[in-house]
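Inspection log for the structure reproduced underneath, given as structure tokens.
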Amino acid sequence: MRTPPLGEFGMIRRFARLFGPARPALIGIGDDAAVLPFDKTRYQVLTTDMLIEGRHFRLDEATPRQIGRKAMAVNLSDVAAMAATPAFAVVSVGIPARLGSSFAVRMARGVADMAEEFGVRIVGGDTNASDRVVISVAVLGWVKKNRLVLRSGARPGDRLFVTGSLGGSYPSGKHLNFKPRLAEAHFLSSRFRIRAMMDLSDGLGSDLFRLCERSKVGAVINGGALPLSKHARNLSSAVNDGEDFELLFALSQTDSRRLVSLRVPRGLAGFTCIGEITKRSYGILMREPGRKPRPFREGGFNHFRVTR
Ligand code: ADP
Ligand code: MG
């Protein structure tokens, strides 16, 4: 296949122009989920994500149940990023004839496990034969209007936090077994006015740029403060491996002090302050102990990466 010259994000920008404005949706392309009108007090959120054999998983490394589980979990992670509650899902699959229906049923069991754990009802889908295993899930959820969190609300002076730890998601198997951070998002949104939030799917080294773009701000990351997972080889692996499925969020200084002094209930991932939001003109920087802050090079995972 010829590499398209636009890159993943360029392609999405082109699609956005082609598809036109989101109205009457409040938020269309560009956040973790679309935000749609619902009723007087709530918005609906809608998101979809697809997993492809050879791209997101390999059949010799992931069980059908894990693949199904992950297909639902990546969508729930995007719902968590809006501080919303997932409610309904549709599931579309492409299954190679050689794998037969037992593979499909085991994969469906993984989808159902994840759905049940988070109170999601599966209400439809589509089934096809295909050359490779493909599974695409779409999830609909809701959020109280005053609790909605976008990527776009961060302001200079805000503190940046992440949940859990970063890096080594492939060697540790976390990329298959991660828990979407819905409970953490609700814990936060019920106590704080979260300024901006997104989930980390491509790696901090890519996703931070998306959050800063939408918020029209810069950031300084404190390299020494990043919560590296046991399986992260080094700082660069924590920043660029991707598939962490943790939340990246910004809080005002007052809220961030309150969060740091709170005791996090058992069963929730921890929260770590990793830096702060600055003016856009300062760019996006990495500060490491004993070194001058340097430009944070955009990395992470990007389908159709274009080298500039
Ligand atoms: P995430 O990693 O949070 O799932 P993506 O990076 O996949 O987000 O997508 C970024 C934004 O672009 C999202 O708002 C998504 O809905 C939108 N998007 C991605 N691909 C397409 C497409 N083919 N057509 C329309 N919108 C798209
Ligand atoms: Mg996302």
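Every heavy atom of this structure was used, including side-chain atoms; hydrogens, water molecules and symmetry mates were not. Every number for a ligand or one of its atoms is a count from 1 in the order of the listing.
Remark: ligand 1 atoms within the under-4.0 Å shell around heavy atoms of D49 are 4 (O). Within ligand 1, the atoms closer than 4.0 Å to a non-hydrogen atom of G30 are 11 (C), 13 (C), 14 (O), numbered from 1 in the order shown. Listed by atom number, the atoms of ligand 1 under 4.0 Å from R151 heavy atoms are 3 (O). The contact set between ligand 1 and S201, taken as ligand atoms under 4.0 Å from a residue heavy atom, comprises 2 (O).
Residue, atom and distance of the protein heavy atom nearest to atom 15 (C) of ligand 1 are D31 O, 4.5 Å. From the protein, the heavy atom lying nearest to atom 21 (C) of ligand 1 is F15 CD1, 4.2 Å. Taking atom 24 (N) of ligand 1 as the reference point, the nearest protein heavy-atom neighbour is F19 CE1, 3.5 Å. Closest to atom 9 (O) of ligand 1, if we only count protein heavy atoms, is I12 CD1, 3.9 Å. Nearest protein neighbour of atom 7 (O) of ligand 1, counting heavy atoms only, is E8 OE2, 4.4 Å.
To the nearest 10 degrees, the Mg ion (ligand 2) sees OD1 of D32 and OD1 of D78 at an angle of 100°.
Counting heavy atoms from C-beta on, the side chains of I221 and L226 come closer than 4.5 Å.
Atom 3 (O) of ligand 1 has its nearest heavy-atom neighbour, among D78, L46, D202, I29, in D78.
Using the six-membered ring where Trp is involved, F249 and F271 have ring planes that are perpendicular, over 60° apart on the 30 and 60° scheme.
Protein heavy atoms all stay at least 4.0 Å away from atom 5 (P) of ligand 1.
At a cut-off of 3.5 Å, with distance as the only test, no side-chain donor of T254 or R258 sits close to an acceptor on the other residue.
Every N/O-N/O distance between G28 and ligand 1 stays at or above 3.5 Å. Below 3.5 Å of separation, one finds no N or O of T48 facing any N or O of ligand 1.
At a threshold of 2.8 Å, the Mg ion (ligand 2) has no backbone or side-chain N, O or S atom of D207 nearer than that distance.
Using a 4.0 Å cut-off between charged side-chain N and carboxylate O, D39 and R42 make a salt bridge.
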